[in-house]
Asks: 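Quick one: the structure is below, questions incoming.
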Amino acid sequence: MTKPTPFLMRVVDAIDRIDTRLFIFLLLCLNLLSFVPGDNEETYFALAKQYMDPNWIPHSFTFTEWVGTRFLFQHIAGFALRYLSFEQLTFWGRMANFLLYAFPLACIFRELRIRNSGILLIMQLYVMNVNTQSFFGMEWIFGGFEGKTLAYVFVFWGLYAMLRGRHQGAAACAAVASYFHILVGGWFFVLVWLYCVIRERDVKRALVTGLTYAAIVAPFVAYLGSYLTDSRTVINGVDVDWVYSFFRNTHHTAPMHREGAMQKVLPRVVASLALLLVCAFGFRKSKDEDVSRLNTIVLITLGMVFLGLAVTYVDVHGRLLKYYLFRIAAVGTFAAYLLLYAVAREWMLKKGVNVRGVLAHTVAAVLIFGLIHIGRNVSRNIFPREDRELMELADFMRRHTRREDVYLFRDRDELSFPRRTRREAFVIFKFDPGGGEKIYEWYTRECLRRRLREDPAVLDSITDRYRLDYLITTSPTSHERLREVYHNSKFYLYGVSTSK
C-alpha cells in the first residue's frame, strides 16, 4: 500500500481531535436524521397519539390497542404529540436518541482503544442500511425513534459494563432497557448472563446477576402477565401465534421461511456460519484482551441466533417465534464489527504495519461512500419531495367526508393517510396487534382485503359485516355498490353503498 499523503493524515488527525461524543452524535445525525417518519414511527406515533387522545380518531379499531410493552414510550411520544407534529417528533426524537447513544458508545470505543477515525469506519459501515445492522432477521439499532431505540441506549450502557466486567451493572441496564422494550432488554440479559457464566465461571456471581435483573424487572413482568395469561392462541380455528409469526412478521421471526429467502437470507446465514467458525477456531486463540472479550460476545450471539434458526423449523405454530428469537442479532453484529476491527489492529501491530497509514486510506474510501449516503439522506429525509397525489386525496377526504367514516386502501397501504385525514382505516397491514382477539380480527380483515384484490364481489361480504364508507384503489374498478367520487393520476376514491 502506498504511503498516505500528508493531507490524508491531517484529515485523520483532525477527525481524531473531535470530542468522541460529539463525533458520534454528528455522524448519526448526518446519516439518519429525518423529517419523514419511517414506517415504525408512523405506526407507534399513531398508537401513542390515540392512546393519549382517544378522540383523535374516535372508536378506532386500528389505532386503539392495549398499551402493553410500549407503556413508557406511548406516554413519552403521546405527550410530545400534543405539541409536535409527527414530522417534528421524528426529527427531535431521533436527535435526542442519537444524543443519548453518543455517551455509552463513546465509553465503549474508549474502552476498546478505538479513536474517531476507527469509529467512522465502524459506524458508517454499520448504519448504511438495515441489512448491515444484523446477521439476519432484519433487526436494527440505529434508525427511527421508538421504544426499541430508547431501550438500546441502556443496552449500550450494559455492553460497556460487560466489557468492564461489571455483570450486575449490565444486568441492571438490561432490566431498565426491558421497561422500554421487554424483548430487547430480555434477550440482552440472556447475553449478559451467558457472558458472565463463560467469562467468570462463578456460580454465585451468575446467580446474583440473574437476581439483579429479576428484581428490577419483576413489577413490569407482573403487569404484562395479567394480559398475556388471558390471551387465547386459537380463535375460531385460527392460530393467532401462527398469524403473528408466519403471516405478518416472518422477516423477523422466521427469516428462512420468508418469500425470497434463498436469495435474501441464505447468503447471510452462510456468512454468519463462516464467522461463527472463524470465531470458534481462529479468533479464540488470540491473547489480546479486546479480541477475547468481543469474540465471546459474538460467539454467544451467533449461538443464540442459530439456535433460533433451528427453532423456526420445529415451532410451526410460532409459540416461541413470536418472542423474536433473532432480536439479539443486532447487538451481536455490532460486536462483530468491533471484533473485526480489533483483530485487524492486532494483526497489523504484530506484523509491524503502519496502522495509522492503513486507516487513513480506509477512512478515505469509507468517507466517499459515507458522503453519498449522507447526501441521499439529506435529499430524501430533510428536503423530501411531497407525494402530491396523496396530499390531494387526503385533502379531499378531509373536506368531503365525515369524521366517523371508514376507508380502505385496496392495493397498498399509505401509513401517513390516517393522521393526515383523521379517518379510520378498515385495516392496515403494518398495524398488527401483538396477540389476542384483536389480531384475529385484524387477520380476518386483511384476508378479506386480499381476496377483494382478486374478486370485487368480496365487497359484498365486507359491507354486510362491517362499516366501510370509502374504497381507495390505484386502478379503476367496478361494482354495483361503488360510486366514484374522486380520482387523480394515482388514486381512485369510491363511495361504498350499504345496499346494492
Side-chain angles (χ1 to χ4, degrees), residues 1-5 8-18 20 23-24 27 31 105-129 131-135 141-142 156 159-160 162-164 195 199 267-268 270-302 329-371 373:
M1 179 177 289
T2 59
K3 184 178 180 179
T5 64
L8 271 181
M9 294 306 299
R10 285 198 298 271
V11 169
V12 170
D13 290 337
I15 290 173
D16 285 340
R17 284 196 295 269
I18 302 171
T20 300
F23 182 73
I24 293 170
L27 191 62
N31 277 279
L105 284 172
C107 291
I108 290 169
F109 286 120
R110 184 175 65 244
E111 175 67 20
L112 297 171
R113 298 171 293 128
I114 301 175
R115 303 177 72 180
N116 289 354
S117 47
I119 294 171
L120 173 62
L121 174 63
I122 293 166
M123 292 292 290
Q124 190 62 55
L125 293 175
Y126 188 80
V127 304
M128 281 291 192
N129 63 60
N131 290 318
T132 61
Q133 295 192 36
S134 182
F135 299 127
I141 297 175
F142 303 107
F156 283 132
L159 184 59
Y160 174 60
M162 284 173 63
L163 294 171
R164 299 275 291 178
Y195 182 85
R199 295 283 295 188
R268 305 180 68 83
V270 173
S272 300
L273 179 59
L275 178 62
L276 175 63
L277 295 174
V278 170
C279 289
F281 299 106
F283 299 162
R284 225 173 133 192
K285 300 174 184 177
S286 174
K287 303 299 181 183
D288 184 281
E289 183 61 17
D290 292 342
V291 173
S292 177
R293 290 179 293 178
L294 292 168
N295 193 59
T296 302
I297 293 171
V298 174
L299 276 172
I300 293 170
T301 54
L302 281 169
V331 174
T333 305
F334 182 73
Y337 278 69
L338 298 174
L339 172 63
L340 293 174
Y341 181 92
V343 168
R345 181 181 62 192
E346 180 194 19
W347 180 85
M348 285 188 287
L349 288 173
K350 282 184 178 179
K351 298 294 183 180
V353 177
N354 181 357
V355 177
R356 298 279 290 167
V358 173
L359 193 59
H361 283 104
T362 309
V363 165
V366 170
L367 264 177
I368 295 171
F369 288 105
L371 289 172
H373 186 263

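Since the structure is predicted, the reported quantities are computational estimates derived from the model, not experimental observations.
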Asks: Can you tell me how far apart CG (Leu105) and CD1 (Ile114) are? Round to the nearest 0.5 Å.
Replies: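 Between Leu105 CG and Ile114 CD1, I get 11.0 Å after rounding to 0.5 Å.
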Asks: When rounded to the nearest 0.5 angstrom, what is the spacing between CD1 in Ile119 and OG1 in Thr20?
Replies: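 Taking CD1 in Ile119 and OG1 in Thr20, the distance rounds to 5.0 Å.
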Asks: Hey, does the side chain of Asn295 reach the backbone of Val291 with a donor-acceptor pair shorter than 3.5 angstrom?
Replies: no
Asks: Between Asp288 and Arg113, does at least one N-O distance fall below 4.0 Å, as a salt bridge requires?
Replies: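 Salt bridge: yes.
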Asks: Could you tell me whether a side-chain N or O of Asn116 sits under 3.5 Å from a main-chain N or O of Phe23, the two making a donor and an acceptor?
Replies: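 No: the side chain of Asn116 does not pair with the backbone of Phe23.
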Asks: Using every non-hydrogen atom in the two residues, find where Leu339 and Cys279 come nearest and quote the distance to one decimal.
Replies: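 Of all heavy-atom pairs spanning Leu339 and Cys279, the closest is CD2-SG, 3.7 Å.
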Asks: Check salt bridge (Lys or Arg N to Asp or Glu O under 4.0 Å) between Glu289 and all other residues, then give those that pass, not counting sequence neighbours.
Replies: Arg199
Asks: Flag the pair Tyr195 / Leu159 as yes when at least one side-chain heavy-atom distance between them is below 4.5 Å, and no otherwise.
Replies: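 No - every pair of side-chain heavy atoms lies 4.5 Å or more apart.
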Asks: What residues form a salt bridge (Lys or Arg N to Asp or Glu O under 4.0 Å) with Arg115, not counting sequence neighbours?
Replies: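 Result, salt bridge (Lys or Arg N to Asp or Glu O under 4.0 Å) vs Arg115: Asp16.
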Asks: Given Thr301 and Phe135, is the side-chain contact (heavy atoms from CB on, under 4.5 Å) satisfied, shown in steps?
Replies: CA-CA 10 Å; Thr301 54; Phe135 299 127; 4.0 Å; yes
Asks: Check whether any side-chain heavy atom of Gln133 lies under 4.5 Å from a side-chain heavy atom of Thr333, and answer yes or no.
Replies: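 Not in contact.
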Asks: First locate atom CG of Leu8, then atom OG1 of Thr362, and finally report the distance between them rounded to the nearest 0.5 Å.
Replies: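 Going from the CG atom of Leu8 to the OG1 atom of Thr362 covers 10.5 Å.
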Asks: Closest approach of Ser117 and Ile15, non-hydrogen atoms and distance?
Replies: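 Looking at all heavy atoms of both residues, the closest pair is N-CG2, 3.9 Å.
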Asks: Rounded to the nearest 0.5 Å, how far does CE of Met123 lie from CG of Leu338?
Replies: 9.5 Å
Asks: Using 0.5 Å steps for rounding, measure from the CZ atom of Phe283 to the CG atom of Leu294.
Replies: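 Here the interatomic distance stands at 11.0 Å.
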Asks: List in chain and number order the residues that pass side chain to side chain donor-acceptor pair (under 3.5 Å) with Ser286, two or more places apart in sequence or in another chain; answer none if no residue qualifies.
Replies: Glu346
Asks: Provide the closest heavy-atom pair for Ala330 versus Ile141 in the form atom of the first, atom of the second, distance.
Replies: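 Nearest heavy atoms, Ala330 then Ile141: CB-CG1, 3.7 Å.
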Asks: Are the side chain of Glu111 and the backbone N or O of Tyr160 linked by a donor-acceptor pair below 3.5 Å?
Replies: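 Pair absent, no side-chain N/O of Glu111 close to backbone of Tyr160.
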Asks: For a 4.5 angstrom cut-off between non-hydrogen side-chain atoms, does Val11 reach Val363?
Replies: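 Side-chain contact under 4.5 Å: no.
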Asks: Any carboxylate oxygen within less than 4.0 angstrom of a Lys/Arg side-chain nitrogen, looking at Asp290 and Arg345?
Replies: yes
Asks: Please tell me if the side chains of Phe109 and Ile24 come closer than 4.5 Å, counting only heavy atoms from C-beta onward.
Replies: yes
Asks: How long is the straight-line distance from OG1 of Thr132 back to CZ of Phe142, given to the nearest 0.5 Å?
Replies: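 Answer rounded to 0.5 Å: 10.5 Å.
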Asks: Is there a side-chain contact between Leu273 and Leu276 in this structure, where contact means two heavy atoms from C-beta onward sitting under 4.5 Å apart?
Replies: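 When only atoms from C-beta onward are counted, Leu276 and Leu273 do touch, with a gap below 4.5 Å.
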Asks: Of all the heavy-atom pairs spanning Ala335 and Ile297, show the shortest one and how long it is.
Replies: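 Residues Ala335 and Ile297, closest heavy atoms: CB-CG2, 3.8 Å.
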Asks: Nearest heavy-atom pair of Met9 and Ala360: which atoms, and what distance?
Replies: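 Answer, listing the atom of Met9 first, then Ala360: SD-CB, 3.8 Å.
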